[in-house]
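The structure appears below as structure tokens.
Values below: every heavy atom of this structure, side chains too, minus hydrogens, waters and symmetry copies. All figures in this text were calculated on a predicted structure; none of them were measured in a lab. Numbers for residues simply follow the sequence, beginning at 1.
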Amino acid sequence: MATSEFTFEGGPVRHSTRGQVEAREVHRVLEVTPEGLIQIELVLEDLRVTIDGNTTEPLDDPWLYRVRPDGRVMERPARSAEDSFPIPLPDRPVRVGESWTRPFTLSDGGVTGQATTTWTLASVDRGGAPVAKLTARTAGTVTGAALPGLPPGAQARVLGTIRGEGEADWAVDRGRLLRSRVETVVEMTADIAAEGQTVQLRLRVRAVSARDPAAPAAAEPVAAELLIAPGRGIGALSLDLSVAELTSRIGIRFGSSQGAVLLAYGKPPASVDVAIPDLGGMRYLIYDDLGIAFGITTDEAHARRGPTHAPVGAVDVITVFIPGQRAKIFPAP
């Protein structure tokens, strides 16, 4: 849940606006590249936006991030200002009481600024699975702001400060954010000069963001064909089956020809040709309604890299995804 308050003062005029956003964040990993870059989809479910007591129609499009294994955000939506996901973690081992810093650029709602957040490992709860207790303090300055509605020829000089504090619980073994609360206050003074007169405006924005763990979902029964029997097998596939028997049951495998794929699945609704750096060309046969795609090598570059890659015209990669989600994984043909 996030809450924001905006206060405007200019001479005898004072106006305040309060907004609140409630939603359940759902994170899905869509892809992990060979270099370790992770594509994450953030969806806000059951989103509710209220401004001054009035509910508005929210924007609930998915947000896509590309994140390094250390949490640094490399690509993000234009409307997001996050540099780390889900929170800035240290790039070195730290002891209780030690701190690390993370500078960031504020660019939100027409306001720009520079600030630094100092995170501290306050304690580690070892009652069960270890949980790191983190605290945060932010300090910075506002360097500019877009002020709409100024008269022609008006000049505006904006100065301000950024400050904040927060806390978070981080599950060490699971690498997961359990809960967090961050409060940020931006205070600005704008001197507006027009037609020989100067007017001073004061603006204050207070934003509070809190994340709490969702209630655990009821476990759905697992289909018999997916049940894992330790020491025996998975579903109908047992450890005593030969390779030929396994292949006859599960179908297409690494090294199968393109013709074998077409014979088993028919002509694909879509195909995409891609060039993979250092690996060569590949053609993906995409069966979106089934949630599977076969990567067929299209040049000798793969074969030259050894037996772990298929020859030209054979299956080198098999990608399984949620049916109907092709557009989120593969570029449009």
Residue list, salt bridge (Lys or Arg N to Asp or Glu O under 4.0 Å) with Arg66, at least two apart or on another chain: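 Partners of Arg66 under the salt bridge (Lys or Arg N to Asp or Glu O under 4.0 Å) test: Glu31, Glu75.
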
Under the salt bridge (Lys or Arg N to Asp or Glu O under 4.0 Å) test, residues paired with Arg72 that sit two or more places apart: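 None.
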
Residue pairs fulfilling side-chain hydrogen bond (donor to acceptor under 3.5 Å, both in side chains) with at least one residue in residues 151-165, sequence neighbours excluded: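 Of all non-adjacent pairs touching residues 151-165, those that pass side-chain hydrogen bond (donor to acceptor under 3.5 Å, both in side chains) are Arg137-Glu165, Arg163-Glu187.
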
Under the side-chain contact (heavy atoms from CB on, under 4.5 Å) test, residues paired with [X] that sit two or more places apart:
X: Asp91; answer: none
X: Ser123; answer: Lys133
X: Ala139; answer: none
X: Val172; answer: Pro130, Ala132

Results of ring pair (Phe, Tyr, Trp, His ring centres under 6.0 Å) for Phe85 - residues two or more places apart only: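 Here the qualifying residues are His27, Tyr65.
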
Please tabulate, one pair per line, all N/O donor-acceptor pairs under 3.5 Å involving side-chain atoms of residues 285-292, not counting sequence neighbours.
unit_1	atom_1	unit_2	atom_2	d
Tyr287	OH	Gly266	O	2.6
Asp288	OD1	Gly324	N	3.2
Asp288	OD1	Gln325	N	3.4
Asp288	OD1	Arg326	N	3.1

Set of residues satisfying side-chain hydrogen bond (donor to acceptor under 3.5 Å, both in side chains) with respect to Thr143, sequence neighbours excluded: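 Residues passing side-chain hydrogen bond (donor to acceptor under 3.5 Å, both in side chains) with Thr143: Thr112.
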
Residue list, side-chain hydrogen bond (donor to acceptor under 3.5 Å, both in side chains) with Thr120, at least two apart or on another chain: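 Counting only residues at least two positions away or on another chain, Thr120 forms a side-chain hydrogen bond (donor to acceptor under 3.5 Å, both in side chains) with Ser99.
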
Backbone of Gly281 reached by a side-chain donor or acceptor of Asp299 within 3.5 Å: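 Looks like yes, one N/O pair under 3.5 Å.
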
When the side chains of residues 37-46 are checked against the rest of the protein, which donor-acceptor pairs come out under 3.5 Å, sequence neighbours left out?
unit_1	atom_1	unit_2	atom_2	d
Glu41	OE1	Arg28	NH1	3.2
Glu41	OE2	Lys328	NZ	2.5
Glu45	OE1	Arg24	NE	3.4
Glu45	OE1	Arg24	NH2	2.8
Asp46	OD2	Arg24	NH1	2.9
Asp46	OD2	Arg24	NH2	3.3

